[in-house]
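Numbers here are sequence positions counted from 1.
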Amino acid sequence: MVITTEAPAIQNTPETRSCLTREQVVERIITINPTAAVEFLARFTDVSLSSYLQRLQAAQGPRGPEARWVRQGDTPGIMMAERN
């Protein structure tokens, strides 16, 4: 029998995302990314934190043809800065 202390993966559905409190989302983010400070994460909206958690969880999975993460349409895929 294998016992793990890792938080279980959250299914990427609106129903399961809405079941988590903000504190639970932050805790799961810190479990995956221990360099993220609570004070830093407090600056973000609930939607942004949920999206970040989904991205972290997707990045933990094995790579390959079945690995999928769909970027939400609220940000561009490529960003750059131009100096004037």
Side-chain angles (χ1 to χ4, degrees):
M1 175 195 267
V2 177
I3 299 175
T4 179
T5 59
E6 293 180 15
I10 303 169
Q11 297 299 316
N12 189 6
T13 64
E15 297 80 21
T16 56
R17 285 194 303 266
S18 65
C19 294
L20 295 176
T21 66
R22 180 180 179 91
E23 291 76 21
Q24 289 172 321
V25 171
V26 168
E27 286 175 11
R28 290 180 188 214
I29 288 172
I30 292 172
T31 298
I32 299 169
N33 178 9
T35 63
V38 173
E39 297 79 20
F40 176 73
L41 296 174
R43 299 184 210 172
F44 297 92
T45 65
D46 293 347
V47 172
S48 295
L49 290 174
S50 178
S51 177
Y52 180 51
L53 177 58
Q54 292 170 31
R55 178 69 176 137
L56 287 173
Q57 290 173 329
Q60 284 186 310
R63 293 180 178 228
E66 296 82 30
R68 297 277 190 271
W69 181 77
V70 178
R71 181 181 50 81
Q72 296 175 349
D74 58 349
T75 58
I78 300 174
M79 297 179 66
M80 62 178 252
E82 292 184 17
R83 291 188 178 194
N84 295 334

Can you tell me how far apart [atom1] ([X]) and [atom2] ([Y]) are? Round to the nearest 0.5 Å.
X: Leu53; Y: Glu27; atom1: CG; atom2: CD; answer: 11.5 Å
X: Ile29; Y: Leu56; atom1: CD1; atom2: CG; answer: 6.5 Å
X: Ile32; Y: Arg55; atom1: CD1; atom2: CZ; answer: 12.0 Å

**Request:** Determine whether the side chains of Gln54 and Ser50 contain a donor N or O and an acceptor N or O closer than 3.5 Å.
**Result:**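 Distance-only check passes for Gln54 and Ser50.
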
**Prompt:** Mind checking what makes side-chain hydrogen bond (donor to acceptor under 3.5 Å, both in side chains) contact with Asp46, not counting sequence neighbours?
**Reply:**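 Once residues adjacent in sequence are excluded, the partners of Asp46 under the side-chain hydrogen bond (donor to acceptor under 3.5 Å, both in side chains) criterion are Arg22.
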
**Prompt:** Quick one: ring pair (Phe, Tyr, Trp, His ring centres under 6.0 Å) pairs with a partner in residues 19-41, sequence neighbours left out?
**Reply:**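 For residues 19-41: Phe40-Phe44.
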
**Message:** Test of understanding: with side-chain contact (heavy atoms from CB on, under 4.5 Å), list the residues that count as partners of Thr35, not counting sequence neighbours.
**Reply:**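 Thr35 satisfies side-chain contact (heavy atoms from CB on, under 4.5 Å) with Asn33 once adjacent residues are dropped.
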
**Nearest non-hydrogen partners of Leu41 and Ala36, listed with the distance** =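 Leu41 and Ala36 have their closest heavy atoms at CD1-CB, 4.0 Å.
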
